[in-house]
Amino acid sequence: MTSAPDRTPTRRRVLPAGESGSLWEARPSCGIFEFRGTRLRFMVDDPSEVLFPTDCGLSLLSALDGDGAPVLEGVNALDVGAGSGLYSVALLAAGAERVTALDINPASAAQTVANVTANGLDHSRLTCVTSPLEEYAPDERFDLVITNPPHLPHDPSYARTDGLETALVAR
């Protein structure tokens with residue numbers, strides 16, 4: 001005897017669609033995305049200093065926006081390798097109590113604060129730390145840790161002394 005197939009409706013995660021197959025809806029240094037019902041605008045002032053988020057970053061963010069996603073309201077979160085603040089902005093917009101944005105690149109802190117402020121979010125709930133991960137020793141515990149680790153292949157243009165290569169290249 002075989003059982004009937006489960007016909008319970010499931011909600012699928014749908015990635016936002018932009019122009020030319022990109023997940024972004026705007027030009028490469030500015031993007032608009034929706035996260036948990038809030039439309040957020042995202043900027044990178046100088047793409048040579050701070051990498052604009054890739055489609056991979058939005059794909060990871062979509063995992064936090066759907067059925068089975070963790071509760072974000074009230075959490076204390078750590079955004080490792082915060083970059084331009086994509087996850088920090090989304091977490092604060094979703095109701096995180098506190099977000100610590102950690103990145104080796106000092107320009108990332110300024111860009112993260114700018115994106116939090118531009119979206120009308122409370123920047124007093126954000127702490128930016130510019131430190132290598134291995135040197136960061138927080139005095140607090142976190143409910144959620146999120147990261148989009150370095151994953152790009154090496155490119156000679158990344159070989160600079162400002163930490164860009166460390167931030168981008170998987171080793």
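As the structure is a prediction and not an experimental result, all values here were calculated from the model.
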Ignoring hydrogens, what is the shortest heavy-atom contact between [X] and [Y]? Give both atom names and the distance.
X: Phe33; Y: Ala90; result: CE1-CB, 4.4 Å
X: Val44; Y: Pro53; result: CG2-CD, 4.4 Å
X: Ala107; Y: Glu49; result: CB-OE1, 3.5 Å
X: Arg36; Y: Ala69; result: NH2-CB, 3.4 Å
X: Ala109; Y: Thr130; result: CB-CG2, 4.0 Å
X: Thr112; Y: Ala82; result: OG1-CB, 4.4 Å

Check: Any side-chain hydrogen bond (donor to acceptor under 3.5 Å, both in side chains) pairs touching residues 74-85, not counting sequence neighbours?
Finding: Asn76-Glu140, Asp79-Ser88

Looking at side-chain heavy atoms only, is the closest gap between [X] and [Y] below 4.5 Å?
X: Tyr87; Y: Val99; result: no
X: Leu102; Y: Ser131; result: yes
X: Tyr136; Y: Val80; result: no

Spatial distance of atom [atom1] ([X]) from atom [atom2] ([Y]) [nearest 0.5 Å]:
X: Leu61; Y: Asn148; atom1: CG; atom2: CG; value: 10.0 Å
X: Arg141; Y: Leu78; atom1: CZ; atom2: CG; value: 13.0 Å
X: Leu86; Y: Leu91; atom1: CG; atom2: CG; value: 9.0 Å
X: Gln111; Y: Phe52; atom1: CD; atom2: CZ; value: 9.5 Å

List the atom pairs, with distances to 0.1 Å, where a side-chain N or O of residues 116-125 and a protein N or O form a donor-acceptor pair under 3.5 Å, not counting sequence neighbours.
{"from": "Thr117", "atom 1": "OG1", "to": "Val113", "atom 2": "O", "distance (Å)": "2.9"}
{"from": "Asn119", "atom 1": "OD1", "to": "Arg41", "atom 2": "N", "distance (Å)": "2.9"}
{"from": "Asn119", "atom 1": "ND2", "to": "Arg41", "atom 2": "O", "distance (Å)": "2.7"}
{"from": "Asn119", "atom 1": "ND2", "to": "Asn115", "atom 2": "O", "distance (Å)": "2.9"}
{"from": "Asp122", "atom 1": "OD1", "to": "Ser124", "atom 2": "N", "distance (Å)": "2.9"}
{"from": "Asp122", "atom 1": "OD1", "to": "Ser124", "atom 2": "OG", "distance (Å)": "2.5"}
{"from": "Asp122", "atom 1": "OD2", "to": "Ser124", "atom 2": "OG", "distance (Å)": "3.1"}
{"from": "Arg125", "atom 1": "NE", "to": "Ala96", "atom 2": "O", "distance (Å)": "3.1"}
{"from": "Arg125", "atom 1": "NE", "to": "Glu97", "atom 2": "O", "distance (Å)": "3.4"}
{"from": "Arg125", "atom 1": "NH2", "to": "Leu92", "atom 2": "O", "distance (Å)": "3.0"}
{"from": "Arg125", "atom 1": "NH2", "to": "Ala96", "atom 2": "O", "distance (Å)": "2.6"}

Notebook entry, point to check: Is a side-chain N or O of Asp103 found less than 3.5 angstrom from the main chain of Gly83, in a donor-acceptor match?
Noted result: yes

Next item on the list: Could I get the full list of side chain to side chain donor-acceptor pair (under 3.5 Å) partners for Thr127, not counting sequence neighbours?
Entry: Arg98

Note to self: Hydrophobic clusters here meaning ILVMFWY residues chained together by side-chain heavy-atom distances under 4.5 Å, can you tell me if Leu64 and Leu126 are in one?
What the structure shows: yes

